[in-house]
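Along the sequence shown, residues are numbered consecutively beginning with 1. Both ligands and their constituent atoms are indexed starting at 1 by order of listing. All heavy atoms count here, side chains included; hydrogens, waters and symmetry mates do not.
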Amino acid sequence: MASIAPSPRLVALLRGRGAVLVLTGAGVSRESGIATFRDGGGLWEGIDPMTVATPRAFAADPELVWRFYDERRAHAAAAQPNPAHHAIAALEATRRPFLLATQNVDGLHERAGSRALVRLHGSLWRLRCTAEGTEHDDPTPRLAPLPPRCAACGAMLRPAVVWFEEPLPMAEFDRAERAAKAASLVLVVGTSSLVYPAAALPLTALAAGAYVAEINPEPTPLTASVREHLPGEAGAVLPALLAAAGIPMDRAA
Ligand code: OAD
């Protein structure tokens with residue numbers, strides 16, 4: 001159990017009925033064995049994102065880009081949600097206004113039972129037709145041959161994730177922004193708070209008067225602005241927070 005000492009105010013907000021927004025990033029999946037982007041050994045240390053995560057990279061070499069995403073799909077499929085994912089799903093089950101806004105594309109929140117969620121950066125498990133723009137789910141860990149093709153029109157499919165130089169899905173971001181303005185409590189978990197516009201959501205919430213707490217073993221550019229920073233791993237800190245507030249981790253309880 002993490003040796004964290006949440007403030008009485010944070011515990012009271014967790015126990016209360018006010019609206020909650022949780023914003024997550026890659027750090028929440030680290031204890032599931034999925035590399036983050038910017039930590040030592042992170043994904044962007046070995047690969048220049050411009051060669052695999054931009055529309056131009058896909059136009060230049062779709063098979064290379066697909067091999068990168070196929071590898072990530074296989075890795076995510078083999079991973080399991082960790083106590084951080086389960087704690088967030090348990091918080092949702094307390095049945096107050098709740099939203100999870102995740103930057104993660106790995107599907108682990110969904111597998112832990114989160115339902116009120118917006119995917120700000122898309123999903124590894126959705127494919128989009130490059131000709132028609134239609135999307136469908138595909139849970140197959142390994143796709144072959146690469147690049148996959150649209151069953152309806154034969155055009156190439158691409159992963160329905162947000163690449164650099166692309167806008168976020170507007171409806172999803174709007175929903176997250178509304179939740180940030182309405183929230184009493186915002187938990188910012190496992191994100192470096194470097195990538196906008198997702199990184200703006202806690203600032204929007206602070207400006208609207210929310211109590212913002214950050215859970216991250218490291219300080220980030222957001223840390224100086226939050227009301228509380230809990231330095232620890234999400235898989236230990238979040239269950240400890242729920243325990244302090246008397247919220248059961250077992251959603252059925
Ligand atoms: P980053 O890799 O930038 O940051 C991960 C954060 O998680 C760091 O601040 C770590 O200190 C923290 N961390 C590591 N282990 C943790 C743990 N066990 N518990 C809690 N925190 C932990 O990942 P993101 O902030 O998610 O975008 O990156 C944002 C976006 O940049 C991604 O969605 C991706 C990337 O480029 C796109 O691909 C569009």
Do the charged groups of [X] and [Y] touch, with an N to O distance under 4.0 Å?
| X | Y | result |
| --- | --- | --- |
| Asp138 | Arg73 | yes |
| Glu228 | Arg9 | no |
| Arg67 | Glu71 | no |

Give the atoms of ligand 1, by number and element, whose distance to some non-hydrogen atom of [X] is under 4.0 Å.
| X | value |
| --- | --- |
| Gly25 | 26 (O) |
| Glu218 | 11 (O) |
| Ala26 | 23 (O), 24 (P), 26 (O) |

Any [X] heavy atom less than 4.0 Å to ligand 1:
| X | answer |
| --- | --- |
| Phe164 | yes |
| Gly42 | no |
| Asn216 | yes |

Nearest neighbour in protein (non-hydrogen) for [atom]:
| atom | result |
| --- | --- |
| atom 36 (O) of ligand 1 | Trp44 NE1, 2.9 Å |
| atom 29 (C) of ligand 1 | Gln103 OE1, 3.3 Å |
| atom 32 (C) of ligand 1 | Phe37 CE1, 3.4 Å |
| atom 17 (C) of ligand 1 | Gly27 O, 3.3 Å |
| atom 14 (C) of ligand 1 | Asp39 OD2, 3.6 Å |
| atom 25 (O) of ligand 1 | Thr191 OG1, 2.7 Å |

For [Y], is there any backbone N or O sitting under 3.5 Å from a side-chain donor or acceptor partner on [X]?
| X | Y | answer |
| --- | --- | --- |
| Arg115 | Glu110 | yes |
| Arg119 | Val161 | no |
| Glu31 | Asn82 | no |

| message | Parallel, tilted or perpendicular, judged at 30° and 60°: which one describes the rings of His85 and His109? | response | perpendicular
| field | Ring-face cation of Arg158 near Trp66 (centre distance under 6.0 Å, axis angle within 45°) | value | no
| Is it the side chain (CB and beyond), the backbone, both or neither of Arg38 that lies under 4.0 Å from ligand 1, heavy atoms counted? | both
| task | Answer with side chain, backbone, both or neither: which part of Arg30 has a heavy atom less than 4.0 angstrom from an atom of ligand 1? | result | side chain
| Looking only at distance, does His121 have an N or O less than 3.5 Å from an N or O of ligand 1? | yes
| query | So is Glu31 polar-close to ligand 1, meaning N/O to N/O under 3.5 Å? | reply | yes
| Over all atoms of both residues, closest heavy-atom pair of Ala76 and Ile34 | CA-CD1, 4.1 Å
| query | Would you say the side-chain atoms of Thr24 and Thr102 include a donor-acceptor pair closer than 3.5 Å? | reply | yes
| field | Derivation and outcome, side chain to side chain contact (heavy atoms under 4.5 Å, CB included), residues Leu23 and Val189 | value | CA-CA 6 Å; Leu23 172 66; Val189 190; over 6 Å; no
Counting heavy atoms only, which of [options] comes nearest to [atom]?
| atom | options | result |
| --- | --- | --- |
| atom 22 (C) of ligand 1 | Gly235, Pro217, Gly232, Ala53 | Pro217 |
| atom 21 (N) of ligand 1 | Ser192, Ala198, Gly190, Ala234 | Gly190 |
| atom 38 (O) of ligand 1 | Thr36, Val162, Thr223 | Val162 |
| atom 30 (C) of ligand 1 | Leu168, Val195, Leu222, Leu230 | Val195 |

| task | Tell me, please, which residues at least two apart from Phe68 pass ring-ring contact (aromatic ring centres under 6.0 Å, His included). | result | none
